[in-house]
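For reference, the structure discussed in these notes is given below.
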Amino acid sequence: MPTVTHHFSIYIHWPYCLRKCPYCDFASQACSDPPHDRFWRACLADWENWRPRVGNRKLVSVYFGGGTPSLIRPGDIHTMLEGIDDHYRTEDAEITMEINPAEGNGERLKDFLDAGVNRLSVGVQSFDDGVLSFLGRRHDGRQAVRALQNAREVGFDNIGIDLILGSRPSVREQLASDLRTALDLKVDHVSAYLLTVEEETPFGRRASQGEALTLDDETCRDHYEFCRDTLRSAGFEHYEISNYARPGKRSVHNWLYWSGEMYAGIGPAAHGYDPIGTGHGPQRLINPQDSGTFMANVLEGQKTDRIVETLSAEMLVKDTLLTALRRRDGISEAEFLSRTGLRLGELFEKTVEKHLSTGWLEWVGGGGSRVLRLTDEGVFVSDGVFEDFFAAFP
């Protein structure tokens, strides 16, 4: 997928879950009775605050993330999309919703489809009940399989799943079984992430007491490479460090993130990005994390009280490298120049040469169209490569 221009996407953050998973450090909260009406009035008002920045760009995706968005009332999805549709067509856009398999019954999924959702991202994490129990998930493997079957039966033709690799109970045979199940169910997209233990989570507290919650680095690498090779052999494109898609099924929404395009962040803790800003350069926009504060601010004051951060030249370069080099297609010198106003080969000549020698980076093509990208070997040590780039900024 080529880099796009004058496009934008919308991310809508639903912060509520029935319970939080012990590894989760997202901005979410356990809540059995979310304030549906007030929340969506605030989101529509927040969108109206964002809209002047968007101008005449074309909407290409809307993403309902969380939290557990499958707890949203389908009618509220329809209302939100109608509010967006007053100015920008959602009909031809990718409309993604994250769902927990526990809410994956056919009737509910059909209601989401009728409300305008056309792509699902299903938080499977594993089909193995032992792994799911360890991860504190609300669903079991049977529910995950049935949710994916139900999604196909009601008419979804773009279905992705998340898998978590490298948790302590994981073994190669279990991962192989997970991948076979996903392929048998003909999923279109797989996001496969290594389990990360964050400090301010129940897992983080257990790890601080000495409990080993993840596999060792060598085994994690083996699982990552096994997943990569299995999906490639099945015809999936490995188009980003952790993401795989059947041809034509890449995530439009995430691609805009990685390509420096505009995205509006709606809802508590939502992040947005304006590549033009207000005349002073690209800006990040961050909403208050607390859902009550967000709703009060936007409804009572008709403003979000968001943090607006204008990116310095250094921040823009770092953001560009961090997002674009995650793409397996890499970044061309022309794109780097367009996004930062600087020349990649000149700015980081020594760093690039160093990692051409280590075999972690490679140039593809020639002349002004040549592209810098991570090699397969470089993907697994990408954090170190990024750190070298950041340290080398003049």
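For clarity, every value in this text was computed on a predicted model and none was experimentally measured.
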**Message:** Whether Glu103 and Arg108 form a salt bridge (side-chain N of Lys/Arg under 4.0 Å from carboxylate O of Asp/Glu) is what I want to check.
**Reply:** no

**Asked** Is there a side-chain contact between Leu285 and Ile307 (heavy atoms, below 4.5 Å)?
**Response** no

**Request:** Run the salt-bridge test on Arg119 and Glu98 with the 4.0 Å N-O cut-off and return the result as yes or no.
**Result:** no

**Message:** Quick check against the 3.5 Å criterion: does Glu94 have a side-chain atom that pairs as donor or acceptor with the backbone of His253?
**Reply:** yes

**Message:** Do the side chains of Glu333 and Arg370 get close enough for a salt bridge, i.e. N-O under 4.0 angstrom?
**Reply:** yes

**Request:** For the pair Arg306 and Asp46, find out whether any cationic side-chain nitrogen is under 4.0 Å from an anionic carboxylate oxygen.
**Result:** yes

**Prompt:** Would you say the side-chain atoms of Lys20 pair up with the backbone N or O of Phe26, donor to acceptor, closer than 3.5 Å?
**Reply:** yes

**Message:** Are the side chains of Gln29 and Cys17 in contact, using a 4.5 Å heavy-atom criterion?
**Reply:** no

**Item:** Minimal non-hydrogen separation, Trp47 against Met80, with atom names
**Value:** CB-CE, 4.1 Å

**Message:** Between Glu48 and Arg51, does any side-chain N to carboxylate O distance fall below 4.0 Å?
**Reply:** yes

**Prompt:** In a check of side-chain contact (heavy atoms from CB on, under 4.5 Å) between Phe64 and each of Ile266, Ile99, Ile95, which one passes?
**Reply:** Ile95

**Item:** Close side-chain approach of Asn243 and Val190, heavy atoms under 4.5 Å
**Value:** no

**Prompt:** Side-chain heavy atoms under 4.5 angstrom apart, residues restricted to Ile, Leu, Val, Met, Phe, Trp, Tyr: same cluster for Leu215 and Leu165?
**Reply:** no

**Asp76 and Arg73 ion-paired at < 4.0 Å** = yes

**Message:** For Tyr239 together with Tyr244, are the ring centres under 6.0 Å from each other?
**Reply:** no

**Request:** Tell me whether the centres of the aromatic rings in His13 and Tyr63 are closer together than 6.0 Å.
**Result:** no

**Prompt:** So do the side chains of Val317 and Phe389 get within less than 4.5 Å of each other, counting heavy atoms only?
**Reply:** no

**Set of residues satisfying salt bridge (charged side-chain N to carboxylate O under 4.0 Å, His left out) with respect to Asp184, sequence neighbours excluded** = none

**Request:** Using a strict 4.0 Å threshold on nitrogen-to-oxygen distance, state whether Glu240 and Arg327 make a salt bridge.
**Result:** no

**Presence of salt bridge, Arg89 and Asp85, under 4.0 angstrom** = no

**Message:** Restricting to non-hydrogen atoms, name the atom on Gly265 and the atom on Asn287 that form the minimum distance, rounded to 0.1 Å.
**Reply:** O-ND2, 3.5 Å

**Prompt:** Between Arg168 and Asp216, is there a side-chain N and carboxylate O pair less than 4.0 Å apart?
**Reply:** no

**Item:** Arg146/Glu153 ion pair, N-O < 4.0 Å
**Value:** yes

**Prompt:** With a 4.0 Å cut-off, would you call Arg373 and Asp329 a salt bridge?
**Reply:** no

**Complete:** What one should report as the nearest heavy-atom pair of Leu109 and Gly104 is CD1-O, 3.5 Å

**Request:** Answer yes if the ring centres of Trp14 and His36 are under 6.0 angstrom apart, and no otherwise.
**Result:** yes

**Request:** Step through it carefully: locate the ring centre of Phe8, locate the ring centre of Tyr263, and say whether they are under 6.0 Å apart.
**Result:** no

**Asked** Are the ring centres of Phe134 and Phe203 closer than 6.0 Å?
**Response** yes

**Request:** Please report the C-alpha distance between Gln283 and Thr310 in whole Å, then the side-chain angles of each, then the deciding distance to 0.1 Å, and finally whether the side-chain hydrogen bond (donor to acceptor under 3.5 Å, both in side chains) criterion is met.
**Result:** CA-CA 4 Å; Gln283 293 179 322; Thr310 300; 3.1 Å; yes

**Request:** Answer yes or no: is there an ion pair linking Lys186 with Asp157, defined by an N-O contact shorter than 4.0 Å?
**Result:** no

**Message:** When you compare the side chain of Val379 with that of Arg228, does any pair of heavy atoms fall below 4.5 Å?
**Reply:** no

**Request:** Mind running side-chain contact (heavy atoms from CB on, under 4.5 Å) on Thr201 and Tyr23 for me, showing each step along the way?
**Result:** CA-CA 6 Å; Thr201 64; Tyr23 57 86; 5.7 Å; no

**Asked** Heavy atoms, side chains only, cut-off 4.5 Å: are Val187 and Leu148 in contact?
**Response** yes

**Prompt:** Hey, is Arg250 close enough to Glu237 for a salt bridge, meaning N to O under 4.0 Å?
**Reply:** yes

**Message:** Between Asp388 and Thr351, does the side-chain hydrogen bond (donor to acceptor under 3.5 Å, both in side chains) criterion hold? Intermediate values first, please.
**Reply:** CA-CA 7 Å; Asp388 281 352; Thr351 304; over 6 Å; no

**Prompt:** Which pair of heavy atoms, one from Thr96 and one from Val117, lies closest together, and at what distance?
**Reply:** C-CG1, 4.5 Å

**Prompt:** Does a side-chain heavy-atom distance below 4.5 Å link Leu163 with Tyr193?
**Reply:** no

